[in-house]
Amino acid sequence: MTSTVRQTTQSGSVRSPGRWLALAVLVLAVLLVAVDATVLGLATPFLSEDLQPTGTQLLWIGDVYSFIIAGLLVSMGSLGDRIGRKKLLLIGAVAFGAVSVLNAYATSPEMMILARALLGVAGATLMPSTLALIRNIFHDPKERSLAVGIWGAAASAGAAVGPVVGGFLLENFWWGSVFLINLPVMAVLVLVGIKLLPESRDPNPGPWDLISVGLSLIGIVSIVYAVKETAVHGFRFDIAAAAVTGLAALYWFARRQLTLDSPLLDMRLFHHRGFSGAVLADLLTILGLSGLVFFLSQFLQLVQMRSPLEAGLIELPAAIGAVGAGLLAGHLARRASVRSAVSSGLTAVGLALAACTAITASTGVVALGIALFIGGVGAGLAFTVTADVILSSVPKEQAGAASAVSETAYELGAALGIALLGSIVTGIYRGFTAPPGIPAEAAASAHDSLGGAVESAKDLPQDQGAAMLSAAQDAFTDGFQTAAAIGAAVLFATAVAAWFMLRGQKLEEGLEHP
């Protein structure tokens, strides 16, 4: 690995004392990418005031980062297998830092959209490389389970810590500061990573198929776009066309992989029941948790009228639960079984969503904290064990492609959770009846979003504003409760499916030769 003194185990497998420091470097990368996915949400009002984007431009500023990451993960995982995962990670880290500056100092909506898209390209190089390097650094499966747990905890914690970091920065600095925090972290990652990270690649990779890269990007971006746009605007012809385009591209991608000698993604992996079950559980775990945290953030700020920082702190139990469960996940899966660990995790996320069916404007911090903690524990348990199963199902040479599948499931789960549950919340919310006497313009703004209702209420006489805001908040709460109930049902059903699909699946026990 480096000049560091190495230790040789009884089985002949080599272990370096620097492997845990190397893991710390990888965790920095995943933590930052996860924080960046959620930190912008709180900055949107400030960014809107400064850059004055249209409604459509604002949606693209918020979404294009996750679109591009989701669309390029499989391609970048495969590229890392070919050119070297360390090389790709360090190139991506430098690019992530440089593009963060472009984001911070964007002077127009168009420049901001481009900068967010480029940040997504850089982010896509980081995520699969980190998990693939873990697969190659840790040869003891028990140590690897702990390492994957720490990695998964960082991914879960980053998403939950984003609002806290964003809240603090926005209360003390300008909106660009949420991007500039990336620079010192990426500098540490590059400087320490050069010294500590080992290089690993597929020794016989074959060519990188650019047609497959394009099909993967078009397919996933089109599908995620169609789902998100349907949630916002309802069904339209252009959205249906995007969905059909995406499905056709993914079908062509899958067929093409089966004909290539060196595919970007070995589709035969999905014939393995355990691999497919792990990917499904991975996707739906994040779907449930991301939908819960996203809409709860709005509920705390716009129904309970809390500050961004206060809302972020209330959501911290989810991160604490995810970190604790992630660290123990491998041990629990070996003591009990993989399927019981994953099914229990999915059930816990379902219980957290079910608890939200009783949420009201007067629900206290303790009750919210308990529900979020249970959801975080469930997500940390299920996400970590499934990531371990996915990594263990493939040879080390294909670690990049396999970890990209895990990451793609994560990104798609996050997008679909917000979009699908969002369509339920939005549909119910927009059906509320504005009190009589409210001007048409104010009523239209209020029906557009709860944020619009809060702003419109400020411009109305006090009694009218309070009545309209109360009606809007009640409608949002009803929508959130309904979405939570449906999400809980999906998670409970997935827990049952995982119990059967992961039957007989075990985490590796013995040491392997590097």
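Fair warning: this is a prediction, and the values are worked out from it, not measured in the lab.
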Side chain to side chain donor-acceptor pair (under 3.5 Å) partners of Thr494, counting only residues at least two apart: none
Flag side-chain contact, heavy atom, 4.5 Å: Leu284 against Val490: yes
From Ile314 atom CD1 to Leu368 atom CG, the distance as rounded to the nearest 0.5 Å: 6.5 Å
Listed partners of Ala498 passing side chain to side chain contact (heavy atoms under 4.5 Å, CB included), at least two apart: Val342, Ser343, Leu346, Leu502
Any donor-acceptor pair under 3.5 Å from Glu310 side chain to Arg306 backbone: no
CG on Leu215 to CG on Leu210, rounded to 0.5 Å: 11.0 Å
Distance, nearest 0.5 Å, that separates CD1 of Ile91 from OG1 of Thr125: 8.5 Å
Non-neighbouring partners of Ile150 that pass side chain to side chain contact (heavy atoms under 4.5 Å, CB included), sequence neighbours left out: Trp20, Leu23, Val27, Leu146, Leu327
Reported OG-to-CG distance for the pair Ser212 and Leu217, which is rounded to 0.5 angstrom: 12.5 Å
Taking every non-hydrogen atom, the tightest pair across Lys86 and Ile194: NZ-O, 2.9 Å
Leu102 side chain reached by Met111 side chain, heavy atoms, under 4.5 Å: yes
Any residue meeting side chain to side chain donor-acceptor pair (under 3.5 Å) with Ser344, in chain and number order, not counting sequence neighbours: none
Between CZ on residue Phe373 and CD1 on residue Ile320, distance to nearest 0.5 Å: 7.5 Å
Sequence neighbours excluded, every pair satisfying ring pair (Phe, Tyr, Trp, His ring centres under 6.0 Å) that has a member inside residues 70-107: Tyr105-Trp174
Closest approach of Ala122 to Gly92 (non-hydrogen atoms, all atoms of both residues): CB-O, 3.9 Å
Rounded distance [0.5 Å steps], CE in Met112 versus CG in Leu114: 11.0 Å
Heavy-atom side-chain contact between Leu26 and Leu89 under 4.5 Å: yes
Atom of Gly378, atom of Ala348 and distance for their closest heavy-atom approach: CA-CB, 3.6 Å
Side-chain donor-acceptor contacts of residues 182-192 below 3.5 Å, not counting sequence neighbours, with atom names and distances?
residue	atom	partner	partner atom	Å
Asn182	ND2	Asp36	OD1	3.2
Asn182	ND2	Ser100	OG	2.8
Asn182	ND2	Phe179	O	3.2

For Leu332, all residues meeting side chain to side chain contact (heavy atoms under 4.5 Å, CB included), sequence neighbours excluded: Leu328, Leu381
Ile220: side chain to side chain contact (heavy atoms under 4.5 Å, CB included) partners, not counting sequence neighbours: Ala70, Ser216, Val224, Leu250, Thr408, Leu412
Closest non-hydrogen atom pair, Ala483 against Val425: CB-CG2, 3.7 Å
Exercise: identify the closest heavy-atom pair between Val385 and Ala333: CG2-CB, 4.1 Å
Contact summary for Ile69 and Gly120, nearest pair of heavy atoms: CG1-O, 3.2 Å
Any donor-acceptor N/O pair, Gln304 side chain to Thr363 backbone, under 3.5 Å: yes
